[in-house]
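The structure appears below as structure tokens.
Chain A is the first sequence line, chain B the second, and so forth, proteins listed ahead of strands; every chain is numbered from 1.
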2 protein chains.
Amino acid sequence: MNNHSSHTSLRHSRQRDEILKLLRTTTSHPTADWIYQEMKKEFPHLSLGTVYRNLALLVEQGLVRKLESGSTFDRFEARLEPHYHLICSRCRVISDFDMPGYQEINERAARMTDFKIQGHKIEFFGLCSTCRAQQS
Amino acid sequence: MNNHSSHTSLRHSRQRDEILKLLRTTTSHPTADWIYQEMKKEFPHLSLGTVYRNLALLVEQGLVRKLESGSTFDRFEARLEPHYHLICSRCRVISDFDMPGYQEINERAARMTDFKIQGHKIEFFGLCSTCRAQQS
DNA sequence: CTACTTGCAAACTATTTGCGTTACG
DNA sequence: CGTAACGCAAATAGTTTGCAAGTAG
């Protein structure tokens with residue numbers, strides 16, 4: 001399942017390793033800029049371009065996924081198992097959401113179209129528990 | 001038809017009416033620029049800013065929906081009933097996809113989270129019939 | 001050594017906005 | 001008429017890219 005990267009076998013870099021580590025230890029689906037700000041503590045000369053370049057590489061390698069997420073900026077996650085997202089309409093927080101039935105939904109869709117289904121994503125929107133409480 | 005002008009009572013403009021008409025008579029989920037190019041035939045002095053401003057107004061009124069769609073640009077549709085999208089991984093074409101069970105999925109999700117679910121979207125990705133045939 | 005990766009800065013792309021003018025109601 | 005909407009052009013915002021210097025293997 002690995003090593004089907006058609007192109008360059010990659011060298012390591014402290015920056016890229018750290019980006020991956022950060023993504024693997026946060027659940028907040030960060031933006032490139034959040035990662036940049038965070039890493040600047042350790043890499044004072046870090047460039048935002050480096051963050052973007054590495055994120056693109058990691059996505060290409062299949063180690064990271066990019067979410068479009070409805071906002072104006074891209075968000076990233078390193079959680080690779082199929083799962084969905086809950087997006088709060090008010091505060092825009094994004095939480096992971098595990099709901100079984102991923103394959104069933106694919107199969108059900110496959111039966112209803114001549115499209116060859118490879119997968120799907122679901123975004124639920126609503127109010128997170130915090131915003132739900134504050135409902136004006 | 002319906003006349004539920006909620007907040008800002010809007011004046012009409014030939015441009016906005018035409019944008020809505022275009023969106024209602026196409027199934028291709030066009031970009032702002034596609035609409036712009038298309039309308040330029042009839043409105044030679046049309047500005048792209050006008051297209052964007054009107055799309056935003058129509059979205060605000062609930063007459064049009066914006067899709068993020070995974071590409072770098074926004075796409076728009078005037079089909080308001082709940083439905084899903086099939087996106088071809090190869091040629092990027094987007095088709096509408098009606099699959100029953102919208103409410104069930106909402107309810108099922110609602111049972112599994114403390115989020116107050118308002119709705120969801122599903123994007124299926126795979127190969128459209130054309131690309132599937134050409135599969136190398 | 002070599003070529004991948006970096007930091008920096010400039011470029012790019014899609015979208016938004018300020019401003020003076022036009023036109024709907 | 002009054003003001004929403006327009007066209008034009010400049011400004012944003014997020015992301016990408018060219019280049020010379022640094023560094024991993």
B:Arg16 side chain, from C-beta outward: closest of C:dT15, D:dA5, D:dT15: D:dA5
Can you tell me how far C1' of D:dT17 sits from CG of A:Asn54, to the nearest Å? 15 Å
Look for any protein N or O under 3.5 Å of an N or O in nucleotides 21-25 of chain D and output each such pair with its distance, or none.
residue : atom : partner : partner atom : Å
D:dT23  : O2   : A:Arg11 : NH1          : 3.4
D:dA24  : N3   : A:Arg11 : NH1          : 3.4
D:dA24  : N3   : A:Arg11 : NH2          : 3.4

Please report the closest heavy-atom contact between A:His29 and A:Arg75, naming both atoms and the distance. O-NH1, 2.7 Å
Is A:Asp98 salt-bridged to A:Arg79, going by a charged N under 4.0 Å from an acidic O? yes
Same apolar cluster: A:Leu20 and A:Leu55, side chain cutoff 4.5 Å: yes
How close or far is atom C1' of C:dA14 from atom CD of B:Gln37, stated in whole angstroms? 14 Å
For residues 106-117 of chain A, which side-chain donor-acceptor pairs fall under 3.5 Å, sequence neighbours excluded?
residue  : atom : partner  : partner atom : Å
A:Asn106 : OD1  : A:His120 : ND1          : 2.7
A:Arg108 : NH2  : B:Pro100 : O            : 2.8
A:Thr113 : OG1  : A:Phe115 : N            : 3.0

Spacing of A:Tyr36 atom OH relative to C:dA9 atom C1', expressed in whole Å: 12 Å
Tell me whether A:Thr25 contacts the main-chain N or O of A:Lys21 through its side chain, where contact means a donor paired with an acceptor under 3.5 Å. yes
CG of A:Asp33 versus P of D:dT16: gap in Å, rounded? 14 Å
Among D:dC8, C:dA14, C:dT5, the one nearest B:Arg53 by side-chain distance: D:dC8
What's the closest nucleotide to the B:Thr72 side chain, out of C:dA14, D:dT15, C:dT6? C:dA14
Separation of atom CD1 in B:Ile19 from atom P in D:dA5, rounded to whole Å: 12 Å
Which angle, to the nearest 10 degrees, lies between the helix axes at the two ends of the helix from C:dC1-D:dG25 to C:dG25-D:dC1, each defined by five pairs? 40°
Rounded distance in Å - CD (A:Glu42) to P (C:dT6): 14 Å
Give the nucleotide from the list D:dG7, D:dT15, C:dG7 with an atom nearest to the side chain of A:Phe73. D:dT15
Between atom OH in B:Tyr52 and atom P in D:dA9, what is the gap in whole Å? 18 Å
Cluster check B:Tyr84, A:Phe124: I/L/V/M/F/W/Y, side chain < 4.5 angstrom: yes
Can you figure out which of D:dG7, C:dG7, D:dT15 approaches the side chain of A:Leu48 most closely? D:dT15
Between P on C:dT15 and CG on B:Leu67, what's the gap in Å once rounded to a whole number? 12 Å
So, OP1 or OP2 of C:dC8: does either fall under 4.0 Å of a side-chain N or O from A:Ser47? no
If only side-chain N and O atoms of B:Gln15 are considered, is one of them under 4.0 Å from the OP1 or OP2 phosphate oxygen of C:dA23? no
Remember a base hit wins even if backbone is also touched, and classify B:Asp74 as base, sugar-phosphate or nothing at under 4.0 Å, heavy atoms. sugar-phosphate
Do NZ/NE/NH1/NH2 and the carboxylate oxygens of B:Glu68 and B:Lys66 come within less than 4.0 Å? no
Out of D:dG7, D:dG14, C:dT5, minimum distance to the side chain of A:Leu57 belongs to C:dT5
Counting only side-chain nitrogens and oxygens, does B:His45 get under 4.0 Å of the OP1 or OP2 atom of D:dC6? no
Going only through I, L, V, M, F, W and Y residues with side-chain contacts under 4.5 Å, is there a path from A:Leu48 to A:Val59? yes
So which atom in A:Ile19 and which in A:Leu58 form the shortest heavy-atom distance, rounded to 0.1 Å? CG2-CD1, 3.9 Å
Where A:Val93 and A:Cys128 come nearest, the two heavy atoms and their spacing: CG1-CB, 4.2 Å
